[in-house]
Every structure is written in C-alpha cells, then in structure tokens.
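Just so you know, these numbers come straight off a predicted model, no measurement behind them.
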Amino acid sequence: MKWINLALSALLVAAGPVFAQQHEHEGGKPPAPEHGPPPQHGPGEYHGNPHPPEQNRNYSDKPGHPNSPHVDNGKVWVGHDAGHGDAHYHLDHPYEHGHFEGGYGPSHRWRLGGGGPGRFWFNGWYWSVAPWELGYADGWLWDSDDVIIYDDPDHPGWYLAYNVRLGTYVHVQYMG
C-alpha cells in the first residue's frame with residue numbers, strides 16, 4: 001500500500017506543471033477572442049459609396065465584435081469603406097520613407113518590438129499609426145503582439161497592420 005501512495009504522489013508532482021500551464025497565456029497575454037483566422041489577403045479596392053468620416057463611429061457590426069476596424073472570419077474587412085477620396089488618408093508625398101519590402105500577408109507575422117502607436121517597430125522597421133486611429137490600437141501590446149501587414153489599395157502610402165491576437169487593424173505609415 002505504501003508504494004501506491006508513493007506512486008500517486010510522484011504522479012501528482014509530475015503532472016502539476018501541466019495543470020498550472022492550463023491557465024497561463026503565452027507571454028502573459030490575455031487569451032485571443034474568437035475572431036477567426038487572419039485574412040489571406042488585404043481588402044480589395046473599395047467601389048461602393050464611401051462611408052463619411054465620423055468621430056464616434058460604431059464598428060461593432062454584430063454582438064461580441066470589437067468597436068474598432070476588424071476582420072470578420074478572415075474575409076470581411078469591417079471599416080475599410082472610406083474610398084479613394086477620404087482626405088484623412090491623403091499624403092502629399094506617399095511612400096516618403098520608401099516602400100515596405102518585408103513581406104505581406106499571413107505568411108509574414110511580425111512580433112512588435114516596442115514603442116507605442118506614435119512610433120513602433122519590428123525587425124528593424126519603424127511605423128506610425130494614423131493619428132485619427134490611435135484609439136483603435138488601445139489594447140495592443142507594443143512589445144509582444146504579432147501583426148500582419150497588408151497594402152491599402154485605396155490610399156497610396158498607407159498600409160494596414162492587422163493585430164493577430166485581437167483581430168483588429170489600423171492604418172499605418174512606414175517610417176523606414
């Protein structure tokens with residue numbers, strides 16, 4: 001009987017880390033919401049009636065969806081509907097700091113290396129979130145989230161940074 005107690009004790013000690021890890025999250029990150037896989041490609045050119053800019057726009061298209069630009073089921077880019085003529089995205093010198101050539105789409109995930117929405121980086125490349133979209137990046141972890149970069153077909157000089165953990169995106173400018 002003594003050996004059974006010893007064996008059970010050894011089993012519990014060995015299994016302890018498994019139970020402890022069950023509630024941990026990678027890098028201390030909160031769990032990712034159920035938003036589906038990352039998009040296989042960026043949005044297409046917008047051909048509908050442009051959505052006029054609003055200060056308090058609601059992006060929560062369905063219950064449980066974030067109130068920020070996001071991608072539904074890896075396919076529908078909710079909020080990418082400003083069209084070509086939106087003055088917010090006009091740049092006098094598009095690609096002033098060059099074109100990003102690190103790779104686009106889900107096969108190129110980049111781990112944020114630090115900074116904040118005004119200036120952040122990964123892999124030695126620097127970026128800046130569009131000033132009017134700073135609030136949409138509030139929950140981003142600037143030193144550990146993974147992002148995927150997509151080209152913005154409607155606004156020359158702008159890219160879309162998709163946060164893999166949150167399923168949301170913001171317009172970003174490549175700073176070199």
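Atom NE2 of H65 and atom OH of Y59 lie 16.0 Å apart (nearest 0.5 Å). With rounding to the nearest 0.5 angstrom, the CG atom of N163 is 4.0 Å from the CG atom of D145. S68 contributes atom OG, which lies 7.5 Å from atom CG of L166 (distance to the nearest 0.5 angstrom). Rounded to the nearest 0.5 Å, atoms NE2 (H108) and CD1 (I148) are 10.0 Å apart. For the atom pair CG (D138) and OG1 (T168), the distance works out to 10.5 Å, reported to the nearest 0.5 Å.
Annotation for A161 and V172: closest pair CB-CG1, 3.8 Å, computed over non-hydrogen atoms. Of all heavy-atom pairs between D151 and L160, the closest is O-CD1, 4.4 Å. Across all their heavy atoms, W110 and G102 have their closest contact at CZ2-O, 3.1 Å.
Aromatic ring pairs are classed by plane angle as parallel below 30°, tilted from 30° to 60° and perpendicular above 60°; the pair F122 and F120 is tilted.
Checked against the 6.0 Å centroid threshold, Y89 and W132 count as a close aromatic pair. Side-chain rings of Y150 and Y169 stay apart, their centers remaining 6.0 Å or farther from each other.
Linking Ile, Leu, Val, Met, Phe, Trp and Tyr residues whenever their side-chain heavy atoms come within less than 4.5 Å places V170 and L134 in a single cluster. In this structure, Y136 is a member of the same hydrophobic cluster as Y159, with clusters built from ILVMFWY side-chain heavy atoms closer than 4.5 Å. Grouping the Ile, Leu, Val, Met, Phe, Trp and Tyr side chains by contacts below 4.5 angstrom, directly or via other members, places M175 apart from W142.
Remark: side-chain polar atoms of D152 are paired, donor with acceptor, to backbone N or O of D154 under 3.5 angstrom. In terms of modelled atom types and a separation under 3.5 Å, the side chain of W121 and the main chain of G113 share a donor-acceptor contact. Under the 3.5 Å distance criterion, the side-chain polar atoms of Q173 are left unmatched by any main-chain donor or acceptor of S128. Side chain of Y162 to backbone of D146: no donor-acceptor contact under 3.5 angstrom is found.
Side-chain contact between Q40 and P106 is present, with at least one heavy-atom pair separated by less than 4.5 Å. With contacts defined as side-chain heavy-atom distances shorter than 4.5 Å, the pair P153/P43 qualifies. Inter-residue side-chain proximity for W140 and P117 is flagged as unmet; no heavy-atom pair is nearer than 4.5 Å. For the pair Y174 and W158, the minimum side-chain heavy-atom distance is 4.5 Å or more. Counting heavy atoms from C-beta outward, V129 and H171 have side chains that stay 4.5 Å or more apart. Contact annotation: the side chain of V147 approaches that of L112 to within less than 4.5 Å [non-hydrogen atoms, C-beta and beyond].
Judged purely by distance below 3.5 Å, without hydrogens or angles, the side chains of H70 and D61 pair a donor atom with an acceptor atom. A donor-acceptor contact under 3.5 angstrom links the side chains of E45 and H84, judged on distance only. Side-chain contact annotation: D92 with H90, donor-acceptor N/O pair under 3.5 Å present. For the residue pair H155 and D86, no side-chain donor N or O sits within less than 3.5 Å of a side-chain acceptor on the partner.
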Evaluation steps, ring pair (Phe, Tyr, Trp, His ring centres under 6.0 Å), between F100 and W127:
CA-CA 10 Å; F100 175 63; W127 299 82; 4.9 Å; yes
Test salt bridge (Lys or Arg N to Asp or Glu O under 4.0 Å) on R57 and D81 and set out the steps.
CA-CA 12 Å; R57 182 171 176 190; D81 53 5; 2.7 Å; yes
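Residue-environment remark: CG (N49) stays at or below the threshold of 12 foreign heavy atoms within 6.0 Å.
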